[in-house]
Amino acid sequence: MAIVWTKAVSVFCLVLSLLKLSSALLEPNPFPKTLKECYDFRSYNMTPSDEVALMIQNHCFKNYQYKQIADGKIWTAPNITQEGMNYINSLFRKLFGEIVASSKSKHQKRQAAVRFRREVRSPGAFAPFVECIRRLYNTQVSANMNEYQAIASLHTGQALQSAHDGAAFLPWHRIYLLLLETACRGVPVPYWDSTVDHVMPDPTRSIVWSEQFFGNGDGQVLTGPFRNFQTTVPGDSITREIGTSRNALFTKEGLAAVLSRTRYSEIVEPKRGREYVYSLEGHHNGPHNWVGGHLPLPWVAAFDPVFFMHHAYVDAVWEVFRAQQIRNGIDPGRDYPLQNEPGHGPFDIIDFRPYFPPIRNIDAMSQAVARLVRYEPFPSCQNNCNSSPHLTCVGGVCMSRARPAASPIESFGGAAAFGPSAQDVPSQSRVLAQARGPIPGGERFRSSPFMDTRNRPNTIGNAPVAPELEAASFQARTAGMRSKRDASKILHYNVSSNAHVQSVSSLERSYTNTFIMDGVIDVKRWVYVPVRVVYNRTNANGNDPTFKANILKENLNEMCRAVGSGASKVYVASNGLDYFGTYKEFAIIDERQPISETTAAVGIKNPDYGAGEVMFSAYDSCGRPCRPFCLTSIQGKQKYRPCSGVFKISDVFALDISLDNSVASGPGDDSSSPSITFLCDENKHWPWKSAFFEIVMAEYQSRDRQNEATFKTTEL
């Protein structure tokens, strides 16, 4: 055992020497006064608990950040007006009010739903939605963004990590749909059942791709109610290229495959191999890719209103699945996978922050949310295709009628007559789209489980995300930070405001940071510092966490076990207190060991861009906070003592490594002990309270500040 430990220490020291990570520039500081006052006020006369501790930490930090922004002390997005902020916040307040009201009336009958979504071709379903979307698009919230674009911008950037490729996909988009309907003053989003288009001999001939419905589908959208719609990139008009890629629209076979499952975990990502046919998100990818243009690109898909009608159908399929679960005695509000990707755990926050009191993934799966919507049955020959004049019953299934031909029909690339025909839309649409070139929207959605050999190749293509889109995404998420919220209102609905809670994920997935600091995406503004993590979770019952029979499946709070190996994650975050920037990383620990120790490299502000103040925090995969200990000098000895986790980033010394791998020399090269260590244990206490910490900070503050103490690191 001693030999193994010696080797581990040697490897650890070797890694540190290669990276040359330095902590000499970090100088421990007390909490800012207003932040400490918030912690004390929120925890007054309360019994410490892990969940509440993280909720208070997040709430107080956000409020502190709001005040810093309002006082002009840190950067905020310059191009969003106060009216725009108020608009987005008002939508979330209204929606959250509806959810709370629905939760109080859970015994009401299903008919009490306030939104009735119908198939887009059903009589009277489409026109009210169009009227709303055009009203939103023609109402500005700032000089460079209208109301519709502001809502579409929420489906961009870092939020996509928790909106796709995991169990949160369905609850995230359910809230997103409800948000748009709130903006539409209760007008429901009609659902687009693309299975009735797929069964056509040529789906590109569907009437939905006419001026009467979605507008043209081959090139820049110049016809229909959404003509000339644009993203937030100047000149980036919405484009489509229907019947491209190899992906199929929604199919009857795909629908049957999804509805053949019984558990939520069976229809959500990640899925590979044969199991992918049961993935509802996988089948959702098909229409995105089939429509082409902007819709296959997650960053820009929501700027085309077809996005919301497509997702209304996805949500309708999920609701049919939930109804089946209820009939089978399964509670769909609690049937959540045990293992999830980052951001997709049951207690992870749906990433619309900072706009409204946070709601967790598990909350969005509740009946309180589901009761807000009722769906018209899917078109079938038994219900006369919902009495739609645009649908017809053929061979026992409903099929969309074709749009009127506006010009002679041509085949794709000279294909035979039985192949799908080219779009009979003004050639100007194609010319404009091809002249503009690839769409700056980033990567495409993953392929769907079913292919359609009738499709033609994509000719427009895609390019990296445009800077204007990244700016709009960041603005949409930072704009609302000037309005404060009362934590008591958050607690009223039992919705945690903890932005950090993570259930365990597969260990292969990394965490991706945006490297945005003060509104600028630049890795040179960031530098790494080492943060040590000591994990000491005593197992009072003596159970082996790798023994699956020990998992208490009836308790949702136990959905944080390690994967089979016993390995788990501890997340470490840095939040700027006087700069706008957040960095998060994780460290892998071994829950089987009495004590597991590791180190993570966490990004903070590069002092070359000025001095700063940063606060570190850490929590394990169950959302339990860890206690910070700082390397301090007391009576001439370097020791770790409880501290705030707040540090001054000194501009006196140069860092030893930055993210662009440039190396500089500086004091502290001979020391390997990080300035901060987090202890993750079972002690029940508030992480920000320690009597000894107050003594240490008082002693530190009484020293002569002219000495510019740097608290050089030494080995434990």
Side-chain angles (χ1 to χ4, degrees), residues 120-121 126 191-229 237-251 283-297 300-311 313 390 399-413 415 418-434 436 438-439 441 444-445 447-448 450-462:
V120 66
R121 284 157 284 213
F126 188 58
Y191 68 84
W192 171 37
D193 182 354
S194 61
T195 66
V196 302
D197 303 301
H198 177 75
V199 295
M200 297 177 66
D202 180 1
T204 67
R205 298 285 306 148
S206 171
I207 196 169
V208 297
W209 306 111
S210 68
E211 187 166 356
Q212 187 174 359
F213 286 98
F214 301 165
N216 63 282
D218 191 12
Q220 183 174 322
V221 180
L222 299 179
T223 68
F226 313 127
R227 58 187 175 275
N228 299 321
F229 273 33
S237 298
I238 296 302
T239 299
R240 300 168 186 150
E241 198 176 13
I242 61 175
T244 58
S245 81
R246 303 294 292 176
N247 287 215
L249 294 166
F250 258 104
T251 66
H283 290 289
H284 136 278
N285 293 346
H288 272 285
N289 292 324
W290 186 93
V291 172
H294 283 76
L295 212 62
L297 312 177
V300 293
F303 289 95
D304 188 339
V306 172
F307 170 95
F308 291 97
M309 292 178 281
H310 167 51
H311 271 275
Y313 178 73
H390 306 295
M399 178 188 298
S400 178
R401 295 189 184 276
R403 68 181 187 281
S407 62
I409 298 176
E410 302 171 355
S411 61
F412 285 160
F418 60 82
S421 60
Q423 297 305 293
D424 53 350
V425 295
S427 60
Q428 181 184 6
S429 298
R430 277 171 277 173
V431 170
L432 290 173
Q434 292 170 355
R436 189 181 58 201
I439 299 170
R444 299 169 66 93
F445 283 107
S447 294
S448 65
F450 290 145
M451 302 292 106
D452 192 334
T453 58
R454 299 172 296 180
N455 293 352
R456 61 189 174 96
N458 175 284
T459 61
I460 297 177
N462 54 297

Which atom of L295 lies closest to which atom of H288, heavy atoms considered: O-ND1, 2.7 Å
Taking P201's backbone N and O only, do any of them form a donor-acceptor pair with R454's side chain (distance below 3.5 Å, no angle check)? yes
Partners of D304 by salt bridge (charged side-chain N to carboxylate O under 4.0 Å, His left out), sequence neighbours excluded? R240
Should the pair F250 and H310 be assigned to parallel (<30°), tilted (30 to 60°) or perpendicular (>60°) ring geometry? tilted
Quick one: does N285's side chain get under 4.5 Å of R444's, heavy atoms only? no
Side chains of N455 and T244 in contact at under 4.5 Å (non-hydrogen atoms): no
Under 6.0 Å between ring centres: does that hold for F303 and F229? no
Can you sort out the partners of R227 under salt bridge (charged side-chain N to carboxylate O under 4.0 Å, His left out), two or more places apart, ordered by chain and number? none
Can you check whether T195 reaches T251 side chain to side chain, under 4.5 Å on heavy atoms? no
Non-hydrogen atoms of P287 and S194 that approach each other most closely: CG-OG, 3.8 Å
Is there a side-chain contact between R436 and I460, using heavy atoms and a 4.5 Å cut-off? no
So, does T239 use its side chain to make a donor-acceptor pair with the main chain of S237 at under 3.5 Å? yes
Euclidean distance, Q220 CD relative to N228 CG, rounded to 0.5 Å: 6.5 Å
Tell me, do F214 and P225 make a side-chain contact under 4.5 Å, heavy atoms counted? no
Taking S400 for the side chain and V196 for the main chain, is one N or O donor matched with an acceptor at less than 3.5 Å? no
Going by the angle between their ring planes, with limits at 30° and 60°, are H311 and F307 parallel, tilted or perpendicular? tilted
Expected output: side-chain E241 to main-chain T459 donor-acceptor under 3.5 Å: yes
Would you call P203 and W290 a side-chain contact if the rule is heavy atoms closer than 4.5 Å? yes
Output all residues satisfying ring-ring contact (aromatic ring centres under 6.0 Å, His included) with H283, sequence neighbours left out; order by chain, then residue number. F450
Do T204 and W209 pass the side chain to side chain contact (heavy atoms under 4.5 Å, CB included) test, and can you show the C-alpha distance, the side-chain angles, and the key distance before you say yes or no? CA-CA 7 Å; T204 67; W209 306 111; 5.7 Å; no
Do D452 side-chain atoms and R246 backbone N/O form a donor-acceptor pair below 3.5 Å? no
Let me see the working for M200 and S206 under side chain to side chain contact (heavy atoms under 4.5 Å, CB included), right down to the final yes or no. CA-CA 8 Å; M200 297 177 66; S206 171; 3.7 Å; yes
Heavy-atom donor-acceptor pair, R205 side chain to R401 backbone, under 3.5 Å: no
Should the pair R121-D197 be classified as a salt bridge under the 4.0 Å nitrogen-to-oxygen rule? yes
As a quick check of understanding, evaluate side chain to side chain donor-acceptor pair (under 3.5 Å) for N458 and S245, giving each step before the final call. CA-CA 6 Å; N458 175 284; S245 81; over 6 Å; no
Are the side chains of F213 and V120 in touch, meaning some heavy atoms are under 4.5 Å apart? yes
Spell out, as yes or no, whether a donor-acceptor pair under 3.5 Å connects the side chain of S210 to the backbone of I207. yes
N289 side chain to N247 main-chain N or O, any donor-acceptor pair under 3.5 Å? no
